[in-house]
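In what follows, a single structure is set out as structure tokens and then discussed.
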Amino acid sequence: MLLIRCPYCQTDRPELEFRYGGEAHVSRAQDPSSVPDAAWAEFLYMRTNPKGFHVERWRHTHGCGRFFNAVRHTVTDRFLATYRAGEPKPDLEALAREAAR
Amino acid sequence: MTVSFRTASGGRIDRDRTIRFTFDGTAYRGHPGDTLASALLANGVRLMGRSFKYHRPRGVLAAGAEEPNALVSVDRGGGRWTPNLRATQVELHEGLVATSQNRWPSLSHDVGELNDVVPPGVFSAGFYYKTFMQPASAWANLYEPFIRRAAGLGQAPSQADPDHYTHRYAFCDVLVVGAGAAGLAAALAAAQAGARVILCDEQAECGGGLLGERDAVIDGVPASDWAASTLATLSGDKRVTLLPRTQCFGAYAQNFFGLVQRLTDHLPHPDPRMPRERLWKVRARQVVLATGAIERPLVFPENDRPGVMLAGAARAYVNRYGAKPGDRAVVFTACDSGYAAAHDLTAAGIVVSAIVDLRPGPDGPVAATARGAGLDVRSNAVVTGVEGRLGVRAAMVATIAGNGLVGPSERISCDLVLMAGGWTPAVHLHSQMRGKLRFDAEREMYVPAAPVEGSRSAGACNGTFGIAEALAEGFSAGADAARAAGREWSERDWSPVVSGEIVPDGGFHGAVPHDRDVQKVKAFVDFQNDVTEKDIRLAVREGFRSIEHVKRYTTNGMATDQGKTSNMNGLAIAAGSLGKPIPEVGLTTFRAPYTPVTFGAFAGHSRGDLFDPIRRTPTHDWARAQGAVFEDVGMWKRAWYIPRGGETMHAAVLRECRTVRETGGLFDASTLGKIEVVGPDAAEFLNRLYTNPWTKLETGRCRYGLMLNEAGFVMDDGVVGRLAPDRFHVTTTTGGAPRVLAHMEDYLQTEFPELRVWLTSTTEQWAVIAVQGPNARAVLQPLVADIDMAREAMPHMSVREGTICGVPARLFRVSFTGELGFEVNVPAEYGQAVWEAIWAESQKHGFCAYGTEAMHVLRAEKGYIIVGQETDGTVTPSDLGLDWAIGKAKPDFVGKRSLARPDMLKPDRKQLVGLLTVDPAVVLEEGAQITAEASPVKGTAALGHVTSAYESAALGRSIAMALVAGGRSRLGETLYVPMPNAAIAVTVVEPVFLDREGSRLDA
Ligand SMILES: [Zn+2]
């Protein structure tokens, strides 16, 4: 069971309180009707699925109920960072470098 | 017989007390401190099991968790039956009842042993794959029952487990796994640094290998005394939790560990209130892995005969348990630890006839010492076979000549053959933590390459074998862990003085050479799964290159012991056959659990009533009193039908449907999901989340809402009522409520955070009583004080707030039956009282209470869909004929863009239609496939499937709904529903069977 830090509650809480929400920073177009078919299909279905650090959405469902983003390693499940929805995507390389130190 | 295999003195058993137990119905005696295996050996019992595939007679191989052969079932009475326990781990207690497994009619006369003499090759590598291929239908009837009977483990228990199990979360600074030399030292150091420590060990008594040492002395005291005094120190420290009988079976992310503690299995008369096992979920800041090492067998012909055992195990039986595994031994060794066994067995009065050392000379110091003591030591020698089927009678011993040829063999009488093939570090937990391993080429063993963050290995599991070295490494690991956990302590080193031990040195991997006919002999690698050297060579010859594939093809390492004694030998044989060094062939993955864990331990208290929460509606008790039959819908118990006077379900449902259409019925709709959507932007929010337009919906009116996911597929539906300009009462499907609320929250928080809207789940706040039928208004009006329910004043799809029976209510005029209908929402705690009042009033009009089955039929007669029944996540509004529910003028809503994708506009999409069977008495099966022809060519794709099918009382015939490719263009066509007996002819019709004009609704 993972411990996940909710950036709103500011505490480490057990995984059972959270729901996974898929890849983060896949933003919905302001005007979807102007998006071409291929790009829309890409938005709907294509995800990066990396082996390594993955930026993803989580929701503190059984806590504050808020959605937030996290950087997690898909092999080790290690969380490098969690941050509030709406905040910019962090510099993954810098985070990884910092973690390696 | 009973006493003849006890040593004269010594060991950690309590010789003053006697324990009676039975094995296969025969009574024996043992002592407290015995395991079942040691007690049987002390009683002269060597034969303890039958092997999995060949049913070969087997004795005990090991003395610990790695035991592959001596699997037993233990009956603790009252349905407490546990199969597949390792006799080496079963603690003896008064009245223990144990039986052997996988034999018939008895352990010494087993019919299944015929498997052992079938021609070579029949049961060889991959035989499961080769033999049981075709036809597929034979699997269920023939192959699987055969395999289960012929090749088996113990019987599964036949009764529900009467024991209970418990869970506990725990947190500590330092978890120490294993209480041998390294683990005890680590716990000592960490505790002295002030750390909160949990020390767990799988055995009843902590001390690990120290308990099996005869002559070793640590800082002037015998090793076992040092262990005892260290344990006394630790148990006196409040910050230390000692957990004997506790297996750490799994390591998970972020230093989370699974431990299972045996609480009552060792007690003759446990308090029934005691849990049998406790599952510990431990979060440790730091961990010290001190899990020891596992001795490797040597692979030579007949190395599985009862009486062939690991040298370290024999040492433990003699030194720790005072049990002699034999009278006359041959020690086959490739490691100095074989000499330690020879030394201790001799001291216990067992004759060591020969030490057969696989290593070429010259002698090391331990061999020289053994020769000096008069033992017959043979260098560069091998055991080429063992005589005796139910027990060892002799070992064949030969020398390897200079040219590498073996032979001739000399027969040496003995009843015990020890194997000392060297030690394999138990790196399981380190590997489960994704720690990398390094192959130490000189010592030929995998050891942890570098510690995983937050952990470190110490002692034999780290390749550090000597007691002094293990103590020092453990101590420094414990100090290091305490410091990493934030404890301050300066003293980090301890250099204990140890004497009187023989440090393991040397070892061998793979199969030893012999002069026998390889086609006729069996040299076992995996004892539990009956995998021989030959099998692994065959797998390589047949083209398997990856060790993971060799493992699966031969099943090497796939038994319940997960190859603890076999993996390295199997790997070495495969590497040899491939002509590659071991590290190039790779290593199979280590997976949790380290040893089998009971289902009970994982389930804990989550069984029976506590397995899953049960949600009951406010009228549950009333419905039960009426004799309702309930069905599970999600976690809800819903009244399915309410039979009267011994009615069948069929009769009850027909009656309920008829009554609703003739006069009316009451239905508990409380399970509908309800979400209160409130705020100045509530209408705009619903505009974006539902396909329908909401801005112009007047206060007091309702609308059918259709919710799509972003991909354009229907995910939920429900009626939405507007109570005020900024307040909506949204209903969802019964099962969809949490999903819909999460979906709304997701968009509100992440896509439309600018909207001022608040969402509240009110599902359990409202009891919902559906009053449906031509007389619905007549029943309700007398109970409603302040709402004008007249036809024009309160039209179909409207909502009013008022009171009913004096209780505040939201009254909806809605219908899911096609009849005049109302849904009364009252606070849940008034639900049953209001229901009873309406029920009493309704009896003046001959109403019935109807259940979910009648509800399904009634809505199907009207062609109303049920999300999840007519939809499956691939269905669009257009597929369902619900284009009218789409607000085409809206610039955007979730799913809108996707509806314009080319795939969504294809004319041959599956569309909702009605089906009428040509024979009106036939009711189709839901889920059945639909085809264009009665007997389609095999492989023809189906046109679609039946989504709903019922017998309709109103229509006097069967009806069905279906999704059919291009369905709306097929109206009037005859299609077929192929069934096992014959295809059923159906006519495609519009999916509305009753009152197309809706005149009944408007009544
Ligand atoms: Zn939170």
Side-chain angles (χ1 to χ4, degrees), chain A residues 1-5 8 12-16 18-46 51 56-62 64-69 72-80 84-87 99-101, chain B residues 167 169 171 250-258 279 281-285 432-436 452-454 688 708-713 738-739 741-754 758-761 888 890-905:
Chain A
M1 167 135 45
L2 303 174
L3 283 180
I4 302 171
R5 186 164 192 83
Y8 296 97
D12 295 331
R13 305 297 304 168
E15 188 184 345
L16 282 177
F18 298 84
R19 279 291 183 89
Y20 181 68
E23 186 167 355
H25 300 290
V26 181
S27 53
R28 189 176 190 271
Q30 282 295 316
D31 176 15
S33 65
S34 67
V35 179
D37 283 336
W40 189 254
E42 187 88 7
F43 159 74
L44 286 179
Y45 296 114
M46 303 311 283
K51 181 179 182 179
E56 59 198 22
R57 291 157 19 101
W58 286 82
R59 184 181 179 210
H60 194 186
T61 308
H62 303 290
C64 63
R66 307 293 298 271
F67 282 86
F68 61 90
N69 295 329
R72 180 184 60 97
H73 197 284
T74 55
V75 176
T76 63
D77 274 339
R78 180 172 173 183
F79 283 87
L80 280 192
R84 297 176 177 206
E87 289 176 9
R101 275 197 285 121
Chain B
H167 288 183
Y169 285 95
F171 303 85
Y252 306 91
Q254 298 170 330
N255 267 10
F256 193 60
F257 295 88
L279 182 73
K281 306 176 188 182
V282 177
R283 182 81 64 181
R285 284 209 168 92
Q432 285 182 29
M433 296 169 81
R434 301 176 190 282
K436 295 263 191 302
V452 179
E453 189 182 339
R688 299 191 196 180
L708 310 184
N709 60 20
E710 195 67 272
F713 299 119
R739 189 168 59 240
L741 183 59
H743 175 81
M744 287 180 168
E745 280 287 354
D746 192 346
Y747 277 91
L748 181 58
Q749 289 183 35
T750 67
E751 295 294 348
F752 314 131
E754 71 281 5
W758 290 267
L759 308 171
T760 308
S761 168
K888 295 188 180 56
K890 290 199 293 181
D892 186 21
F893 58 80
V894 174
K896 178 178 166 74
R897 172 64 186 88
S898 295
L899 294 179
R901 293 180 59 228
D903 278 349
M904 308 296 244
L905 303 169

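Sequence lines set the chain letters: A, B, ... in the order given, protein chains first and strands last, and positions in each chain run from 1.
Of the atoms belonging to B:Glu751, it is side-chain heavy atoms, and not backbone ones, that fall under 4.5 Å from chain A. For B:Phe893, the part lying near chain A is the backbone, with the side chain staying farther off; criterion is any non-hydrogen pair under 4.5 Å. Using a 4.5 Å cut-off between heavy atoms, B:Ala900 contacts chain A through its backbone alone, with no side-chain atom that close. Both the backbone and the side chain of B:Glu745 come within less than 4.5 Å of a heavy atom of chain A. If you measure heavy-atom distances from A:Pro36 to chain B, the contacts under 4.5 Å come from the backbone alone. Contact of A:Leu44 with chain B is made through the side chain alone, with heavy-atom distances under 4.5 Å. Proximity to chain A is limited to the side chain of B:Arg434, based on heavy atoms less than 4.5 angstrom apart.
Ranked by heavy-atom pairs under 4.5 Å with chain B, the list A:Asp37, A:Val35, A:Asp77 is led by A:Asp37. In terms of heavy-atom pairs under 4.5 angstrom with chain A, the leader among B:Glu710, B:Arg901, B:Lys281 is B:Glu710.
Using a 4.0 Å cut-off between charged nitrogen and carboxylate oxygen, B:Arg283 and A:Asp12 do not count as a salt-bridge pair. No salt bridge links B:Arg897 with A:Asp31; every basic N to acidic carboxylate O contact stays at or beyond 4.0 Å.
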For this session: Decide yes or no on salt bridge (Lys or Arg N to Asp or Glu O under 4.0 Å) for A:Arg19 and B:Asp746, but give the supporting numbers first.
Result: CA-CA 12 Å; A:Arg19 279 291 183 89; B:Asp746 192 346; over 6 Å; no

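Counting non-hydrogen atoms of neighbouring residues, nucleotides and ligands closer than 6.0 angstrom, the CD atom of A:Glu87 exceeds 12 such neighbours. Taking a 6.0 Å sphere around NZ of B:Lys888, one finds it holds more than 12 heavy atoms contributed by other residues, nucleotides or ligands. Taking a 6.0 Å sphere around CZ of A:Arg72, one finds it holds more than 12 heavy atoms contributed by other residues, nucleotides or ligands.
The shortest distance between side-chain heavy atoms of B:Tyr169 and A:Met1 falls below 4.5 Å.
Contact between B:Gln749 and A:Phe67 at its shortest, heavy atoms only, is OE1-N, 2.6 Å. Closest of all the heavy-atom pairs between A:Arg28 and B:Gly895 is NH2-N, 4.5 Å.
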